[in-house]
Every structure is written in structure tokens, then in C-alpha cells.
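Worksheet: one structure, shown below.
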Amino acid sequence: AQSVTQPDIHITVSEGASLELRCNYSYGATPYLFWYVQSPGQGLQLLLKYFSGDTLVQGIKGFEAEFKRSQSSFNLRKPSVHWSDAAEYFCAVVFSGGYNKLIFGAGTRLAVHP
Amino acid sequence: DSGVTQTPKHLITATGQRVTLRCSPRSGDLSVYWYQQSLDQGLQFLIQYYNGEERAKGNILERFSAQQFPDLHSELNLSSLELGDSALYFCASSTQGTGNTIYFGEGSWLTVV
């Protein structure tokens, strides 16, 4: 079955530290891949997306993500975390033939220590 | 600001009641989506409309229905409400095409008491 997995429910990092949030998908082909962020009481904001081409994609707010076909992964990274990055992060995919329907992972809640 | 507008932002209602959530998509977007976010189910796709026609259905209960009007705004109707329907309901929109960016509104918080 098609699915998206975010193995880490909760991550805590210190401000200034690097960050990597994991995302894996289960699908026979390469889906369209997205990362969204949800700040408390806010809607979902797109950080970045991958369709094809260069497997390292740059997004807003200093985030980047790398697609690894062999691992069916699309991990989100940031070299230096700021306190304002504390939020919930969702990996999402659109599978081909899926009418642009986003399938979300369970989310990873990021806490940032000063 | 994503350009997707949802009303109301907050709603408290009693069990058994019916509510309507309203959504205005981004200018030019023909596709509208509804999602439900709850603590136990996470973000679940409910339904998608394209230019007034239902395009895809997800985990939408029979007590729920939606429609997209000629001016492209959409409404999600929730009836016979139960405590478990308490959730954040998102509307989103996009242009036509698989993989096109989907823009989300800020959501409508529904509390059923």
C-alpha cells in the first residue's frame, strides 16, 4: 500500500544545531514529494518540493531536502536551527494517478532549546 | 498569506447539529481540497473538487458532504455531529495538474460539545 512514514514523532535540538527530519515512502515509482510546516495555530506552509531532476532541493527559510531513490527517502535538513523553527513538520507525497491528492505523514514536532 | 480563505476560524457546536465550513480558493485555482486534522487520525484527505465536479474522495464520512460552486468557492457540510468530529478542517487549492503545489488555508477549528 502507498504510505508515508515519519519515524520521529518528536525531536528536540539546541538553537544553532543542525537538523535532519526523516521521511520514507512506500510506492513502486517516484512520487511527487513535499515538506510542509505548521506553526502553532497556523495553516500549512510549503517549505519545498521535489518532482524530478536535481535530488537536492532548496526551500524557504534555509531548509533543503534530499531525495534518495534507493532508500525511498526525502529527508529535510537545516544546517543551523533558529528558535522560530519550532513547529510541526509534515512530509507529504502525491502518487501518480492520485489526482494531486496529498498523503501526509504523521508529522514530526520540533522543539528548539535556547 | 496563502490566498486561501476559510470561514469561520472557530466554531463550537453541540452534538447532533449541522455546520457549514466555507472556503474561497486562491485566484485562478480550479481545484479545491478538504482535509481534516485530528490528534488521533492526523491529516486526512476528505475530498477534492475540480471546477465544480467531484474529482476524488478520501476518508469522508457519509454524514459529511461538500460542493464547489460556479464561482469556485466550496463548502463542507458536516451533519449529525459527534464529539469525534472535533478537529481542524483545512481547505486547500491548486491549479490543475498532478504534483502542482497545494496551498492551504488557516483552517476552521470545530469543537463539538
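Here is how names work: the chains are called A, B, and so on, in the same order as the sequence lines, proteins then strands, and each is numbered from 1. Keep in mind the model is a prediction, meaning the values are calculated, not measured.
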With sequence neighbours excluded, residues passing ring-ring contact (aromatic ring centres under 6.0 Å, His included) with A:F63: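 Here the qualifying residues are A:Y89.
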Where on [X] is there a heavy atom nearer than 4.5 Å to chain A: the side chain, the backbone, both, or neither?
X: B:Q37; result: side chain
X: B:T101; result: both
X: B:S31; result: neither

Should [X] and [Y] be counted in the same cluster of Ile, Leu, Val, Met, Phe, Trp and Tyr side chains packed under 4.5 Å apart?
X: A:F95; Y: A:F67; value: yes
X: A:V94; Y: B:L30; value: no
X: A:W35; Y: A:I60; value: yes
X: A:I103; Y: A:L48; value: yes
X: B:Y50; Y: B:F45; value: no

A:L102 CG to B:Y35 OH distance, which is reported to the nearest 0.5 Å: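 Those atoms lie 4.0 Å apart.
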_I need the A:Y36 OH to B:I102 CD1 distance, nearest 0.5 Å._
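Answer for the OH-CD1 pair, A:Y36 versus B:I102, is 5.5 Å.
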Taking everything shown except A:H113 itself, do over 12 heavy atoms lie less than 6.0 Å from its NE2?
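No, because the 6.0 Å sphere around NE2 of A:H113 holds 12 heavy atoms or fewer from other groups.
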Do other residues, nucleotides or ligands put more than 12 heavy atoms under 6.0 Å from the CG atom of B:L39?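 No, the 6.0 Å shell around CG holds no more than 12 heavy atoms from other groups.
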Results of side-chain contact (heavy atoms from CB on, under 4.5 Å) for A:D54 - residues two or more places apart only
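Testing A:D54 for side-chain contact (heavy atoms from CB on, under 4.5 Å), a comparison that skips the adjacent residues, returns A:L56.
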- Give me the contact list for residues 3-22 of chain B versus chain A, heavy atoms only, anything under 4.5 Å, ordered by residue number.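 When heavy atoms of chain A are the reference, residues 3-22 of chain B contributes no residue within the under-4.5 Å range.
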| request: Give me the contact list for residues 105-113 of chain B versus chain A, heavy atoms only, anything under 4.5 Å, ordered by residue number. | output: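 Listed by number, the contacting residues are B:G105, B:E106.
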inquiry  = Taking side chain as everything from C-beta outward and backbone as N, CA, C, O, which of these in A:L44 sits under 4.5 Å from a heavy atom of chain B? Side chain, backbone, both or neither.
reply    =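 For A:L44, backbone and side chain are both near chain B.
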### Query
Which bit of A:Q38 comes within less than 4.5 Å of chain B, counting heavy atoms only: side chain, backbone, both or neither?
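Side chain of A:Q38 only, per the 4.5 Å heavy-atom cut-off to chain B.
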Does any N or O in the side chain of B:N100 come within less than 3.5 Å of the main-chain N or O of A:N100, such that one atom is a donor and the other an acceptor?
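No.
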| query | Which atom pair, heavy atoms only, marks the closest approach of A:Q42 to B:F90? | reply |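 Smallest heavy-atom distance, with atoms named: O-CZ, 4.1 Å.
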